[in-house]
Number of protein chains: 2
Amino acid sequence: MAADAYSLLRAEILSGELQPSERLVEADLTARLGVSRGAVRTALVRLQQEGLVEHERHRGARVRLVGEREAAEILEARMVLEGLAARHAAARATPEDVAGLRAILADMRERLDAGDLLGVSDRNAILHARLLAMAGHATVDRLVAGLRGQLVRFQYRTILVPGRSDRSFAEHTAIVDAVAAGDADAAEAAMLRHLGHVTQALRESPQRNSASTAAAPNPTAS
Amino acid sequence: MAADAYSLLRAEILSGELQPSERLVEADLTARLGVSRGAVRTALVRLQQEGLVEHERHRGARVRLVGEREAAEILEARMVLEGLAARHAAARATPEDVAGLRAILADMRERLDAGDLLGVSDRNAILHARLLAMAGHATVDRLVAGLRGQLVRFQYRTILVPGRSDRSFAEHTAIVDAVAAGDADAAEAAMLRHLGHVTQALRESPQRNSASTAAAPNPTAS
DNA sequence: GTCGACAAGATTGTTGACAATCGTTGCCGG
DNA sequence: CCGGCAACGATTGTCAACAATCTTGTCGAC
């Protein structure tokens, strides 16, 4: 029951249903989620520790708003961690793994040609997730999952930068090539280069504080 | 009060007073820490989310035991994150910062010559902490703090490897030199080299599952 | 002697009510 | 008209009791 409240709240925050800085009143959540107040409380504690909500004593919890500067920080951290994951993935990749990656790339290429940017973004997230899974590195997995959750507000921004999609595809191809070759150093370097460009694209992105009206369930930009 | 229980418990785990796999019975903690049960409960939830305790439903919480493999994973993650921090520190270092680092190094050299390995380990932790502070990177700071907490059981092991202290000092000197020169790439590389050697030393360390009888309040090995 | 069922104890999960605190509103004096 | 102030409503923090569940020890059957 407590885990339920946690999952529900987390999903609502990640999907954008709960806007940043929105107050999370325990009584409201209790009624809306149909769970007891204690469950809501522990869920909020967990989300706070996870960095998704902030909590002031006697003032309640609110959805945490990450600003541009912190977003850049988070992306930097993700960069080095996913670089590490790419290194491990390259060292452990089986032929089947590589085939899977190439299939995702081909799929991404199709969407790209069709102009389906949202589809590209989804394949993007899938590719990164697959690499993380291949790395078999539980700690990095956990850390990246936590960091990714805090970037929901920026997930669709970089894809929209003109010309970004093509460069992104080339970068992904380089990563997959390095992993396929079993070259750990090259894989890590390619991942760092890729996410470095994402950071740069995010910085140059003109619209700040986009209202983030709605969002798909699970994806992650890069 | 809740924060108190959290701090107290965290300190007891980090100091080694609470052994790994030891059961954390809510009633006992309530009596021993002098706080109410609700406070103990939220403290346990936070510690669980932080990865210091594990919790099974209806079976209670126990201090989490991290094995050799996971310790290596954590060190790898710390390695790339502290490398990032070293990069930032090199870019932002003021002359006062550099002087502070050199002072710590000199202090460490003295202890080393005096054979005070525990003192060396402390200065070690101080040096890493100072670098993290200089980086001004809140996200990396938070992540590293979380990771460091899970490695308490291994904190004094690497220092004891014969000849490790001297090499460690040389590595630290290289890091400080790079930071002093403002060379971000070199600083990151030096930090990666240093923590890579720590990982290696940990792997080669003969005694596994050392009982960890007691420990100083706060230090961290490297 | 060993296995399984069963009951007792211990421990956690949940609920509801009460106390403490914060923000706001309306009032009063200047 | 404006600033301070007191009371109120709303919300969170805390506590104690109860229910649910797991573990342990015991007994009986095979």
Side-chain angles (χ1 to χ4, degrees), chain A residues 1-67 142 149-150, chain B residues 1-67 142 149-150:
Chain A
M1 208 169 186
D4 234 22
Y6 169 72
S7 309
L8 287 174
L9 264 179
R10 187 183 152 89
E12 289 194 1
I13 293 176
L14 261 55
S15 73
E17 285 177 62
L18 292 174
Q19 303 258 336
S21 291
E22 181 167 349
R23 282 196 63 187
L24 298 175
V25 179
E26 295 178 359
D28 293 355
L29 300 176
T30 296
R32 196 154 56 77
L33 303 178
V35 299
S36 92
R37 213 184 122 201
V40 170
R41 264 181 97 75
T42 68
L44 288 177
V45 170
R46 289 178 71 177
L47 290 169
Q48 180 197 7
Q49 203 71 10
E50 200 171 333
L52 284 177
V53 311
E54 56 191 349
H55 192 98
E56 279 178 303
R57 188 180 170 84
H58 288 295
R59 241 178 265 190
R62 50 184 64 235
V63 180
R64 184 153 161 252
L65 170 75
V66 312
R142 188 163 45 87
Q150 305 183 18
Chain B
M1 207 166 187
D4 234 22
Y6 168 72
S7 310
L8 287 173
L9 264 179
R10 186 185 154 89
E12 289 195 2
I13 294 176
L14 261 55
S15 74
E17 285 176 62
L18 292 173
Q19 303 255 338
S21 291
E22 181 168 348
R23 282 196 62 188
L24 298 175
V25 179
E26 295 178 0
D28 294 355
L29 300 176
T30 297
R32 196 154 57 77
L33 303 178
V35 300
S36 93
R37 214 184 120 201
V40 170
R41 264 181 97 75
T42 68
L44 288 177
V45 170
R46 289 178 71 175
L47 289 169
Q48 180 197 6
Q49 202 71 10
E50 199 172 334
L52 283 176
V53 311
E54 55 190 350
H55 191 99
E56 281 178 303
R57 186 179 172 84
H58 284 130
R59 240 176 264 192
R62 50 184 65 234
V63 181
R64 185 153 161 249
L65 170 77
V66 313
R142 190 163 45 87
Q150 306 184 16

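The model shown is predicted, which means the values in this text are computed figures rather than measured ones. Lettering of chains follows the sequences in order, A, B, ..., and the numbering in each one begins at 1.
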Engineer: Among the nucleotides D:dT14, D:dT12, C:dT11, which one has an atom lying closest to any side-chain atom of A:Val25?
Structural biologist: D:dT12
Engineer: Just the rounded figure in Å: distance from C1' of D:dT23 to NE2 of B:His58.
Structural biologist: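 Atom NE2 in B:His58 sits about 13 Å away from atom C1' in D:dT23.
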Engineer: With respect to the phosphate group of D:dT23, does any side-chain polar atom (N or O) of B:Arg59 fall under 4.0 Å of OP1 or OP2?
Structural biologist: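 Indeed, a polar side-chain atom of B:Arg59 lies that close.
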Engineer: Is any side-chain nitrogen or oxygen of A:Ser36 closer than 4.0 Å to OP1 or OP2 of C:dT14?
Structural biologist: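 Checking A:Ser36 against C:dT14: no side-chain N or O falls below 4.0 Å of OP1 or OP2.
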Engineer: Atom CG of A:Leu24 and atom P of D:dT11: how far apart are they, to the nearest Å?
Structural biologist: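 Taking CG of A:Leu24 and P of D:dT11, I get 13 Å after rounding.
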Engineer: Give the nucleotide from the list D:dT14, C:dG13, C:dG23 with an atom nearest to the side chain of A:Arg41.
Structural biologist: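 Comparing D:dT14, C:dG13, C:dG23 against the side chain of A:Arg41, the answer is D:dT14.
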Engineer: What is the separation between atom CD on B:Glu26 and atom P on D:dC15, rounded to the nearest whole Å?
Structural biologist: 14 Å
Engineer: Look at the side chain of B:Arg37 and the base of C:dG13, then say whether one donor and one acceptor between them are separated by less than 3.5 Å.
Structural biologist: yes
Engineer: Hey, does B:Leu44 reach any base, or is it just sugar-phosphate, or nothing, if we go heavy atoms under 4.0 Å?
Structural biologist: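 Nothing, no nucleic acid heavy atom in range.
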Engineer: Considering only heavy atoms from C-beta outward, does the side chain of B:Gln19 approach that of B:Val63 to under 4.5 Å?
Structural biologist: no
Engineer: Find out whether A:Glu26 and A:Leu44 are in side-chain contact, i.e. whether some heavy atom of one side chain is under 4.5 Å from a heavy atom of the other.
Structural biologist: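 Yes, side chains in contact.
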Engineer: Got B:Leu33 and B:Glu12 here, is their nearest side-chain heavy-atom distance under 4.5 Å?
Structural biologist: yes
Engineer: Distance-only, no hydrogens or angles: does the A:Arg62 side chain make a donor-acceptor pair with backbone N or O of A:Arg23 under 3.5 Å?
Structural biologist: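 No, because the side chain of A:Arg62 does not come within donor-acceptor range (under 3.5 Å) of the backbone of A:Arg23.
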Engineer: Expressed in angstrom and rounded to an integer, what is the separation of B:His55 atom NE2 from D:dC22 atom P?
Structural biologist: 13 Å
Engineer: Whole-Å distance between D:dT23 C1' and B:Arg57 CZ?
Structural biologist: 17 Å
Engineer: To the nearest Å, how far apart are B:Arg62 CZ and C:dT12 P?
Structural biologist: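 Spelled out: CZ on B:Arg62 to P on C:dT12 is 11 Å.
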Engineer: Measure from the side-chain heavy atoms of A:Arg23 and tell me the nearest of C:dT12, D:dG13, D:dT11.
Structural biologist: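 Given the options C:dT12, D:dG13, D:dT11, the side chain of A:Arg23 is closest to D:dT11.
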